[in-house]
Chemist: 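Let me give you the structure first, and then I'll get to my questions.
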Amino acid sequence: MSSLSLSAAGAARQAIESKVPGLVEEQFASKLFDKDPTLWGPAAEEEAKIRLGWTEAATVSRPLVAEILQLRDDFASEGVTRFVLAGMGGSSLAPEVITRSEGVELFVLDSTDPEMVQLALQDLDETALVVSSKSGSTVETDSARRAFVAAFEKAGIEARQRIVVVTDPGSPMDGSAREAGYRKVFNADPNVGGRFSALTAFGLVPSGLAGADIEQLLDDAEEAAEFLSDDDEDNIGLRLGAALGGTKPLRDKIVIVNDGAPVVGFADWAEQLIAESTGKSGTGVLPVVVSEGAPELSSGAADILVVSLVSEDAEPVDNGDAVAISGSLAAMMMAFEVATAVAGQLLGIDPYNQPDVESAKNATRELLASSPEPTPAEATDGSIEIRGSEQVLQGATTVPEALKALLGQLPEDGYVSVQAYFDRLGWAELEEIRPVLAEKTGRPVTFGWGPRFLHSTGQYHKGGPAQGVYLQITAATDTDVDIPEIPFSFGELISAQADGDAKVLTDHHRPVLRLRLTDRSPGVEQLLKAAAEL
């Protein structure tokens, strides 16, 4: 029996009572675990055929465990106990939640901010790099690999002995890594998309090397899969999916809060899974990651559904429009994956494609190739340069005026997206702006660190409903790191990524306010003060 449990109230309970009997009658759960690609309609069938391996990932991945643990022991005997993961999106978020929940150290490098890259390049004597990418062509991951190769060689360390690769079999990186003689190449199941890859080599290799109990993780996942594949009205995957995608009218802001669950960072993982899977074709549900006491939890807005991650002994939820779920980390991962597949069907979309993710990548490539002059600031206020269209700024020349102008364009059913393109480890305090803006606007506010959110909620921003207003925050730095054999640096890369995404959002007629901090410390202080005084 699975350790999962779920309770629901209000609109969530109504959706479960309305939708789950039909899902059971059509045998959705058993067909899903039989990898039936027809569940989402003819248009999604081709993609679904090559994306349903996640349903059996716990079993298929079992032979990897011994190889991972042996490699960990080998590294330990050589004094290598610090592991850096270069990965983006599904390749980084799952290992991050697994290792944080187990209390083991893993440096997740999912940024192109030069200050964070420089921090990752420390303590090389005891460091190994895990490079995770399905294709190996992801610019952030490839740039990090190049930087580490150069840094290892400069330190007199044989780089190929310190680099481990996780990729799809037959990918460009699979061949190049083997040719380069890297320490170990792990092949993941190619029939699993990145955001569903938590229990494949992408989740297991960096987590296991860092010291997580990956064997127990797979045990828990296999136990959960037995329950989640049942065509039964008590199936928690079906119930959660019905709550996410079946409310009527649709509550399309999913506010996720950890309210006592023994997992760390799970909401960030779920955010990518749900946003990138559902945010397309003008529809979708937007995950909003919050902390306890956040304004969204008590707003009572008609488009908000609260999902609480709770401990196993928590009281069932009995009021509001809410869901409470508990279980082991792997069981909850499986439940949310099933629920996302269910929500996709209820919303009438293909949960396995991401048609709008590539647009920001293409815009970045074009900017890097053309090396355009920086767009002049419309105004400068203290340590902050202000940029935006005339329609967005409406004549604003100060930061408070610019914020008011942006928020004034927020629709009644809208959301605010804060996008911070710099070091998320050194400047975590900037996240304090999220609940402040939520309180001021009475609307949900998401916060994403760039460029990692481009592989997550970035799909929803362009493909989901046109309800958002976007606050982009970039930052100058005296630090930069070259990318060997590439004609641009990390500083130039992150700048182009921010510029490219802003361009694509603007092309999609989304309001974008761009603030560039010319000095990080006073700039952050000034921005937080301006938000608090709105």
Chemist: For F490, which residues count as a ring-ring contact (aromatic ring centres under 6.0 Å, His included) partner, sequence neighbours excluded?
Modeler: none
Chemist: Before accepting this row, confirm whether a basic side-chain N of the pair D499/K503 lies closer than 4.0 Å to the acidic partner's carboxylate O.
Modeler: no
Chemist: Report yes if some heavy atom in the side chain of S143 is under 4.5 Å from a heavy atom in the side chain of L493; otherwise report no.
Modeler: yes
Chemist: Between D123 and E126, is there a donor-acceptor pair closer than 3.5 Å when you use the side chain of the first and the backbone of the second?
Modeler: no
Chemist: Taking the side chain from S207 and the backbone from L204, do they hold a donor-acceptor pair closer than 3.5 Å?
Modeler: no
Chemist: Check whether any side-chain heavy atom of V290 sits under 4.5 Å from a side-chain heavy atom of V288, and report yes or no.
Modeler: yes
Chemist: So, the side chain of N235 versus the backbone of L228: is there a donor-acceptor pair under 3.5 Å, distance only?
Modeler: yes
Chemist: Give a yes-or-no answer on whether the side chains of S417 and Q419 include a donor-acceptor pair shorter than 3.5 Å.
Modeler: yes
Chemist: Do the side chain of T278 and the main chain of V285 share a donor and acceptor less than 3.5 angstrom apart?
Modeler: yes
Chemist: Output yes when a side-chain donor or acceptor of E492 lies under 3.5 Å from a complementary backbone atom of S489, and no otherwise.
Modeler: yes
Chemist: Taking all non-hydrogen atoms of both residues into account, name the closest pair between T138 and S135 and its distance.
Modeler: N-OG, 4.1 Å
Chemist: Could you verify whether a donor N or O on one side chain and an acceptor N or O on the other, from D74 and Q70, lie under 3.5 Å apart?
Modeler: yes
Chemist: Passes side chain to side chain contact (heavy atoms under 4.5 Å, CB included), F202 versus K134? Steps please.
Modeler: CA-CA 9 Å; F202 287 107; K134 284 182 70 65; 3.7 Å; yes
Chemist: Using a strict cut-off of less than 4.0 Å between a Lys/Arg side-chain nitrogen and an Asp/Glu carboxylate oxygen, indicate whether E67 and K184 qualify as a salt bridge.
Modeler: yes
Chemist: I would like to know whether D501 and K462 meet salt bridge (charged side-chain N to carboxylate O under 4.0 Å, His left out); could you show each step before the answer?
Modeler: CA-CA 10 Å; D501 194 47; K462 293 98 173 176; 2.4 Å; yes
Chemist: Can you confirm whether L109 sits close enough to L129 that some side-chain heavy atom of one is under 4.5 Å from a side-chain heavy atom of the other?
Modeler: no
Chemist: Any heavy-atom pair between the side chains of V97 and M333 that's under 4.5 Å?
Modeler: yes
Chemist: Working to the nearest 0.5 Å, report the span between OG of S370 and CG of L367.
Modeler: 5.5 Å
Chemist: How are the rings of Y352 and W40 set relative to one another: parallel (under 30°), tilted (30 to 60°) or perpendicular (over 60°)?
Modeler: perpendicular
Chemist: Could you work out, with salt bridge (charged side-chain N to carboxylate O under 4.0 Å, His left out) as the rule, every residue matching D174, not counting sequence neighbours?
Modeler: R178
Chemist: Once you round to the nearest 0.5 Å, how far does OG1 of T112 lie from CG of D423?
Modeler: 11.0 Å
Chemist: Among R183, R162, R72, which one satisfies salt bridge (Lys or Arg N to Asp or Glu O under 4.0 Å) with E78?
Modeler: R183
Chemist: Where do A335 and L240 come nearest, in terms of heavy atoms and distance?
Modeler: O-CD2, 4.2 Å
Chemist: Would you say CG of D73 has more than 12 non-hydrogen atoms from neighbouring residues, nucleotides or ligands within 6.0 angstrom?
Modeler: yes
Chemist: Looking only at non-hydrogen atoms, find the nearest pair between L4 and A224 and report the distance.
Modeler: CD1-CB, 4.5 Å
Chemist: Please lay out, stage by stage, how E271 and I256 fare under the test side chain to side chain contact (heavy atoms under 4.5 Å, CB included).
Modeler: CA-CA 8 Å; E271 177 185 49; I256 307 176; 5.6 Å; no
Chemist: State, yes or no, whether a side-chain contact exists between W54 and V60 at a heavy-atom distance under 4.5 Å.
Modeler: no
Chemist: Is there a donor-acceptor contact under 3.5 Å from the side chain of S229 to the main chain of E226?
Modeler: yes
Chemist: Show me the pairs that pass side chain to side chain donor-acceptor pair (under 3.5 Å) and involve residues 327-341, at least two apart or across chains.
Modeler: none
Chemist: Pair V257, L309 - check side chain to side chain contact (heavy atoms under 4.5 Å, CB included), show working.
Modeler: CA-CA 6 Å; V257 60; L309 313 174; over 6 Å; no
Chemist: Which residues pass the side-chain hydrogen bond (donor to acceptor under 3.5 Å, both in side chains) test with T59, sequence neighbours left out?
Modeler: E222
Chemist: Mind listing the closest non-hydrogen atom pair of P351 and F196 along with its distance?
Modeler: O-CE1, 4.2 Å
Chemist: So which heavy atom on F186 is nearest to which on A201, and how close?
Modeler: CB-CB, 4.5 Å
Chemist: Applying side chain to side chain contact (heavy atoms under 4.5 Å, CB included), run through F148 and V117 and close with a yes or a no.
Modeler: CA-CA 10 Å; F148 265 87; V117 173; over 6 Å; no
Chemist: Just wondering, do F447 and V289 contact through their side chains at under 4.5 Å, heavy atoms?
Modeler: no
Chemist: Answer yes or no: does atom CD of E429 have more than 12 heavy-atom neighbours from other residues, nucleotides or ligands under 6.0 Å?
Modeler: yes
Chemist: Using a cut-off of 6.0 Å, state whether more than 12 heavy atoms not belonging to E46 lie near its atom CD.
Modeler: no
Chemist: Determine yes or no for a side-chain-to-main-chain donor-acceptor pair under 3.5 angstrom, with R145 supplying the side chain and V165 the backbone.
Modeler: no
Chemist: Apply ring-ring contact (aromatic ring centres under 6.0 Å, His included) to F75 and list each qualifying residue two or more places apart in sequence or on a separate chain.
Modeler: F83
Chemist: Quick check for you: to the nearest 0.5 Å, what is the distance between T38 atom OG1 and K31 atom NZ?
Modeler: 6.0 Å
Chemist: Roughly how far, to the nearest 0.5 Å, is the CG atom of L329 from the CZ atom of F266?
Modeler: 6.5 Å
Chemist: Once side chain to side chain donor-acceptor pair (under 3.5 Å) is applied, what residue pairs with a partner in residues 449-458 remain, sequence neighbours excluded?
Modeler: E96-R452, D110-R452, E140-H455, E431-W449
Chemist: Do V108 and R424 come within less than 4.5 Å of each other through their side chains, counting heavy atoms only?
Modeler: yes
Chemist: Just wondering, do P95 and L106 contact through their side chains at under 4.5 Å, heavy atoms?
Modeler: yes
Chemist: For residues R195 and S277, is any side-chain donor paired with an opposing acceptor at under 3.5 Å?
Modeler: yes
Chemist: Given ring pair (Phe, Tyr, Trp, His ring centres under 6.0 Å), test F453 with Y421 step by step and report yes or no.
Modeler: CA-CA 10 Å; F453 79 85; Y421 280 84; 5.6 Å; yes
Chemist: Measure from the side-chain N and O atoms of T167 to the backbone N and O of S133, and report whether any donor-acceptor pair falls under 3.5 Å.
Modeler: yes
Chemist: For the residue pair R82 and T127, confirm or rule out a side-chain donor-acceptor distance under 3.5 Å.
Modeler: yes
Chemist: For V166, run the side-chain contact (heavy atoms from CB on, under 4.5 Å) check against V130, L64, T200, L85 and tell me which one passes.
Modeler: V130
Chemist: Just checking, is any N or O donor in the side chain of Q216 or D220 under 3.5 Å from an acceptor N or O on the other one?
Modeler: yes
Chemist: Looking only at heavy atoms, which two atoms of D125 and V80 are closest? And how far apart?
Modeler: O-CG2, 4.4 Å
Chemist: Answer yes or no: is there a donor N or O on one side and an acceptor on the other, between the side chain of D34 and the main chain of D36, under 3.5 Å?
Modeler: no
Chemist: May I ask you to decide if E115's main-chain N or O and D113's side chain share a donor-acceptor pair within less than 3.5 Å?
Modeler: yes
Chemist: What do the steps show when you test R62 against D219 for salt bridge (charged side-chain N to carboxylate O under 4.0 Å, His left out), and what is the final call?
Modeler: CA-CA 9 Å; R62 185 71 66 173; D219 288 345; 2.9 Å; yes
